[in-house]
Structure formats: structure tokens, C-alpha cells
Amino acid sequence: MTRPSRMLAYGAAALLTLFMLLPIYLIVLAAFSSRAAIFDYPRPLLPGGVSLDSMSYFLRSYGVVPALGRSLAVGGLTVVLSLLLGCPAGYAIARYTFPGRDLAQLLLVNVRAFPLAVLAIPLLVTFIEWHLYDTVLSVAFVHTAMSLPFTVLLSASVFMRVPVELEEAAMVMGTSKLGAVVRVVLPNSIPGLAAAALFAFVLSWNEVFAAAVLTQQSTTLPAQLVQALSNSPLPFKYAGGLALTLPAFIFIFFMRPFLFNAFRGVAGAR
Amino acid sequence: MAEIRVEGVSKSYLGVQALDDISLTIQDREFMVLLGPSGCGKTTLLRAIAGFETPDVGTISIGDRDMRGVPPGKRGIAMVFQSYALFPHLRVAGNIAFGLRMHRVPAGEVAERVEKAARLMQIERLVDRYPSQLSGGQRQRVAVARALVMEPQVILMDEPLSNLDALLRLQMRAELKRLLADVDTTTVYVTHDQVEALSMGDRTAVMRDGRILQIDTPLAVYDRPADTFVAQFIGNPPMNVLRARMAEEGVELEGHRLPLAEADGRRPGEEVEVGIRAENIEVLLDREAGALEAEVSVIEPLGSHLLLTLQLGAQALKATTRIDFSVQRDQRVYLRFQPQHLRLLGTGWSGGGDSNSRSPAPKAGALPG
């Protein structure tokens with residue numbers, strides 16, 4: 001890249017980053033301000049004094065901490081389930097031509113077009129019959145269903161990028177078909193699968209509708225907050241907003257190394 | 001003992017015959033080259049021996065053991081892939097050790113054998129690197145080390161040198177030949193490069209359209225090709241193939257009578273193709289009895305010799321001469337053909353070998369590799 005065009009690229013990146021970070025910064029700022037400072041106008045852009053009042057008030061509110069735990073549990077379950085179900089399906093699409101393969105791919109995408117609201121009542125009835133209503137598991141099931149199309153298609157594209165010869169080489173050296181997948185294909189698919197896991201987690205974390213409909217007592221944090229935020233004091237809203245964004249950030253932070261090449265030059269080693 | 005016996009193997013994909021009734025016996029410790037243009041079925045045959053393809057009919061046995069239903073990992077084989085297929089997530093040492101670990105070889109022995117294989121391939125300094133940190137030639141060495149470390153009965157190689165640049169390929173060709181001569185394995189080597197086939201193999205099987213046209217020693221395949229296709233596929237330049245007509249004694253070529261060393265039961269008047277290698281044509285500057293008049297149309301100095309393209313009547317042919325042969329473009333020259341160098345093509349000239357030569361049946365459709 002020439003120098004001016006590089007400057008331009010960095011400038012654009014900086015602007016984009018600012019655009020994404022500014023609201024988050026403001027929320028963080030407000031969440032750690034004292035109650036009085038929150039109502040200041042115009043809003044100061046630099047932190048005045050750090051105060052943990054809002055956060056401790058939020059965390060001590062009834063049901064917040066258990067809801068946070070349930071949200072993490074639902075997110076974790078969704079990641080595990082969608083990878084367990086999605087990867088084999090993605091592998092089949094990547095490696096085999098079978099009757100109905102194209103149709104299957106098309107239908108997968110269409111799942112996302114199906115409004116969840118239509119599904120909610122039948123699901124509710126089914127989960128009540130299965131005694132799953134108002135459980136973490138029921139929400140995780142729905143979130144898995146929502147994230148599966150993406151997991152399947154993404155893992156398929158990831159597996160397609162792993163040359164078949166790698167599997168064959170492993171099989172010549174004594175692994176079974178499954179062994180070749182586990183020992184060679186999966187380790188070389190980590191970045192892509194990490195992205196799929198990330199997507200599933202963030203989707204689950206942000207999903208409110210199904211979580212709100214399918215639970216009563218054991219609801220997830222976002223679903224609980226959506227109901228509570230509108231009639232809460234301002235400090236609670238800021239602290240709640242931070243609580244909603246933070247875990248996704250932490251998750252992304254830990255997944256980040258896997259999103260890029262987990263070991264140097266995976267792509268280059270063909 | 002690892003004799004590979006292929007009997008009556010056929011395989012078709014989507015109506016295309018990839019292997020058409022192949023029978024072939026590769027002796028213990030033999031270096032067999034499968035040679036042919038892309039789509040001839042050579043890679044399919046290799047993959048059938050490896051166990052990645054199941055023949056529609058026919059049997060494959062390795063060391064007297066029928067391989068039907070035996071997975072690749074239990075066939076006592078090792079394979080070197082065209083793309084090397086090194087595992088990107090493992091270091092060189094991990095790559096070489098992979099097969100031993102899969103076979104539950106004790107850790108101490110693994111380390112020992114990996115080190116030995118690395119030393120053999122002169123990659124000891126690279127064992128801690130990832131494949132992406134290696135050059136093409138180094139990757140090639142790792143791939144070979146990974147095969148040799150298994151001490152397999154059979155090594156299968158699928159165009160192992162085709163991704164190397166010309167100079168490196170030349171070096172590796174000689175090195176591979178030396179290495180494989182030192183180990184007690186049967187080697188099946190797939191290539192489309194006739195030079196590799198000639199220089200490396202004990203025997204060469206020339207394939208086309210899923211069939212074996214000729215199996216013989218490289219020299220015999222070069223000197224006595226089974227048919228026109230083999231004649232023109234092997235050798236650089238390819239063998240000259242000239243249209244001629246059978247005569248009472250010998251053949252008639254562009255109005256000249258040429259004696260043949262071996263009569264072949266063809267009737268006088270029959271149209272035939274006569275093959276002769278460029279280096280077996282004697283080019284003379286002066287008219288001589290029995291020499292055919294021709295005109296020089298192109299002169300290509302190739303360092304060690306001159307390559308002449310000549311016009312003989314209506315037909316073009318190539319001949320080589322010494323580099324200091326003084327000749328001009330458009331000059332008339334006189335060609336002398338020795339009877340023992342003339343080949344009647346497509347009439348069962350192939351020497352030994354355990355498969356019948358067949359004349360090529362032109363077919364539409366080609367398969368990869």
C-alpha cells in the first residue's frame with residue numbers, strides 16, 4: 001500500500017472504532033459515576049470521580065446475579081450444543097455430495113427467515129409437556145435452533161478449506177475416518193469454529209424474545225432487564241447496560257487468539 | 001514380501017471408465033512407475049491400491065493378502081501426496097511421528113525413529129518448525145520422511161516432485177531413487193513426467209483412458225513402444241511417427257524402399273506407421289545410396305546437440321546431430337535409417353511384461369489425475 005492510502009485506511013478504521021466504542025464508553029463512564037454526576041448536563045466526557053455505587057446497587061438488586069449466571073449457562077449450553085450438532089452437519093455438506101444437499105443448504109438459511117414469534121406458542125406448549133418450561137435448558141434449545149444454520153454453514157466453509165489429503169494422509173498412517181477428523185481436521189479448523197462459537201454465544205446473550213416467553217422465574221439477564229429497565233432509575237439502567245455488553249466483550253476477548261491463526265500460517269501450509 | 005497384485009480391476013465414475021480391466025503385478029521391492037497423461041487413471045489406480053477407492057470389480061492384494069474391505073491404515077502402506085499433505089498444526093517432528101503414535105509405538109522408539117528419518121532426509125535442523133515455515137523442497141523432504149519412518153512394505157507416491165521447481169526436482173529425483181533403493185519397500189510412483197518414469201523406475205506402466213498400454217522396463221518402453229501413443233508420449237523429442245506403406249520387403253516411405261529388421265505379418269500395400277527416434281536418424285550432407293533426401297526447416301541448438309526439424313516429402317520429422325554439425329536452413333540433407341531402429345507401431349512390439357499391450361481406444365471424457 002502506498003503511504004497516503006495507508007493513512008486513509010487507518011483513518012477509516014479509527015473512525016469506525018470510535019463509532020463503535022463511543023456509546024460503550026459513555027455507558028461505562030455513567031455506570032461508574034456517582035448518582036449525582038449522572039444527572040449532570042452537559043455530560044462530562046472525562047471521568048470525574050469513580051464511584052461503585054451504581055454497580056453495587058445493580059448487583060445487589062433482587063435476582064440480578066442469578067440471572068447473570070443463568071445467562072452464562074444458556075450461552076455456554078448454546079455454544080456446546082450448536083457445535084456438537086452443527087459441526088457434523090457442516091462436515092457432511094463440506095465433504096460429501098448427497099441427494100438433497102443443495103436443498104438442505106437452502107432450507108438452513110430459510111430457518112432464519114421464520115419468525116420466532118410464530119414458533120413461540122407451539123414451543124411453549126411442547127416445553128410445558130416435556131417439563132422443560134421455565135428452565136435454562138429450554139432457552140438453550142431455542143437459541144441452539146437459532147444459531148444452528150449459521151454454525152452449519154460456517155463450519156462447512158471451514159472444513160472445505162482443510163484439504164481432503166490431510167485426512168487421507170492421517171488415515172494412511174492408521175487413524176479411522178473419525179480419528180482423522182478429530183486429530184487433523186478439527187485442530188486445523190479452530191479459528192473458524194471459534195468464530196461459530198462466538199456467534200452462538202453472542203446470539204444467545206442478546207436474545208430476549210424466546211428467553212422472555214419460555215421462562216418465568218429462571219429468566220436470563222437480558223430478558224429480565226428488558227422488563228425491568230424501563231421503570232428503573234437511571235443509575236440502574238447504566239449499570240444494567242454495562243452488564244449486558246460486558247460478558248460478550250469478555251468472551252470475544254478470550255476467543256480473539258483463535259479467530260486469527262491459532263498457530264502461525266495455517267493457511268500458508270498447503 | 002509385499003508383492004502387489006491387481007487383477008481385473010475396473011472402476012467407473014458417473015459413466016466414465018476410470019479404470020478398465022487393469023491387471024498388473026508389482027514385484028516385491030520393485031519400483032513401478034505409473035505414467036500417463038492426466039485423466040488416464042493412474043492416480044485412481046494408486047488410490048485403489050491405497051484403499052481410498054473401491055474397485056467396481058476385480059481384486060487387489062498386497063503381500064498375498066486380499067485388500068477388500070481393509071482400510072488404508074491397515075494395509076502396511078505409506079503414501080506421499082502431491083500436495084505433501086503435511087499437518088499444519090503439528091511441527092515437523094510431530095508430523096513424522098504421527099503414524100508411529102497412531103500405531104502405539106512406545107515414545108522412546110518414536111523419538112529414535114523420527115530422529116533417524118529426519119537425519120536420512122537431512123531435515124534434523126527443521127524438526128521444531130511448522131510446515132508453513134518450510135520451503136517447498138523442505139516440505140517435500142518432510143513428506144518423504146513421514147512415509148519412510150513407518151518402514152512400510154509399500155510406498156505409494158502421487159506425483160511427489162511436481163510441485164518443485166526444475167532444479168530441485170532434478171536433485172530430488174536422484175535422491176529419491178537412491179533412498180528408495182536403500183529401503184526394502186515396494187514403490188508405486190505416479191507421474192505424468194516421462195523423464196521421471198524413464199529415470200527412476202524398474203518398470204513403467206504407460207496408461208491411457210483407464211487402460212495399461214504397455215508395461216516394461218523404461219528402456220524397452222522408450223525403444224520399443226507398444227503403439228503410436230506410447231511412442232509419442234515418451235521421449236523428448238517424441239518418436240517420429242511416419243506414414244508408410246508395407247512393401248514386398250520392408251516399407252515404402254515417401255517413395256523410398258526401407259528394409260525392416262523384423263517382418264510383422266503385415267501384407268504388402270497395407271498402410272502402417274513407422275516410428276524412429278530422432279537420435280537414430282543419421283543426417284548426411286552428401287547424397288548416398290539408400291539415403292532419403294530431406295530439407296532442413298528449423299535448426300535448434302540445444303547445447304549438447306542440434307535438433308533439426310526436417311521435411312521429408314509431405315511429412316515432418318525431427319533428428320538430432322552433433323552440435324558442430326554445419327547445416328543451413330532450407331539446405332538439402334540425406335537421411336539414413338538403420339533397419340534395426342525402425343519400429344512398426346501398434347502391432348504388438350512390446351517386449352516382456354505381464355500385461356498385454358493394447359492399441360489405444362480413443363474415448364471422450366477425461367478424469368482428473
Side-chain angles (χ1 to χ4, degrees), chain A residues 83 87 91-92 94-102 155 157-197 255 257-270, chain B residues 13-14 43 46-47 49-53 70-92 94-105 129-136 138-139 142-143 146-147 149-150 152 154-159 163 369:
Chain A
L83 285 182
C87 287
Y91 184 84
R95 284 286 193 263
Y96 301 103
T97 43
F98 50 86
R101 178 170 171 271
D102 293 342
S155 65
S157 83
V158 169
F159 292 145
M160 271 181 223
R161 262 177 271 146
V162 179
V164 189
E165 292 91 62
L166 292 191
E167 267 172 74
E168 291 177 345
M171 284 165 71
V172 166
M173 287 188 273
T175 70
S176 62
K177 177 85 190 166
L178 186 66
V181 172
V182 171
R183 288 175 189 279
V184 174
V185 179
L186 287 185
N188 286 301
S189 306
I190 285 173
L193 296 185
M255 282 305 207
F258 300 106
L259 285 177
F260 305 103
N261 286 342
F263 4 81
R264 266 170 293 176
V266 168
R270 292 285 148 83
Chain B
Y13 299 97
L14 307 166
T43 296
L46 189 81
R47 292 172 56 81
I49 296 171
F52 293 122
E53 310 284 351
V70 179
K74 294 202 162 43
R75 295 189 170 205
I77 58 171
M79 191 158 170
V80 178
F81 291 80
Q82 182 174 11
S83 61
Y84 312 141
L86 300 182
F87 304 135
H89 64 297
L90 297 177
R91 292 169 198 273
V92 167
N95 265 283
I96 300 174
F98 189 91
L100 297 175
R101 294 205 172 119
M102 291 307 109
H103 284 85
R104 304 194 188 289
V105 174
R129 295 214 194 155
Y130 284 103
S132 58
Q133 299 167 309
L134 303 178
S135 70
Q138 291 168 332
R139 285 179 203 179
V142 177
R146 194 171 68 169
V149 79
M150 300 304 291
V154 174
I155 290 189
L156 307 177
M157 297 196 167
D158 185 7
E159 311 228 9
N163 284 342

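A, B, ... follow the sequence lines: proteins, then strands. Residue 1 opens every chain. As the structure is a computational prediction, the values presented were derived from the model and not from experiment.
In this structure, no portion of B/Arg75 lies under 4.5 Å from any heavy atom of chain A.
The candidate from A/Glu168, A/Met171, A/Arg183, A/Glu167 with the greatest count of non-hydrogen atom pairs under 4.5 Å with chain B is A/Glu168. For the set B/Pro72, B/Ala50, B/Ala78, the entry with the most heavy-atom pairs within less than 4.5 Å of chain A is B/Pro72. Contact count versus chain A (heavy atoms, under 4.5 Å) is highest, among B/Lys74, B/Met79, B/Arg146, B/Gln82, for B/Arg146.
Under a 3.5 Å cut-off, the side chain of B/His89 and the backbone N or O of A/Leu186 do not form any donor-acceptor pair.
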Checklist entry - Are B/Phe81 and A/Leu166 close enough, and set up right, to give a side chain to side chain contact (heavy atoms under 4.5 Å, CB included), and what steps lead you there? => result CA-CA 9 Å; B/Phe81 291 80; A/Leu166 292 191; over 6 Å; no
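Smallest separation of non-hydrogen atoms from A/Glu165 and B/Ser83: OE1-OG, 3.1 Å.
Residue B/Pro88 is tested with A/Val162, A/Val184, A/Asn188 for a side-chain contact (heavy atoms from CB on, under 4.5 Å); the sole match is A/Asn188.
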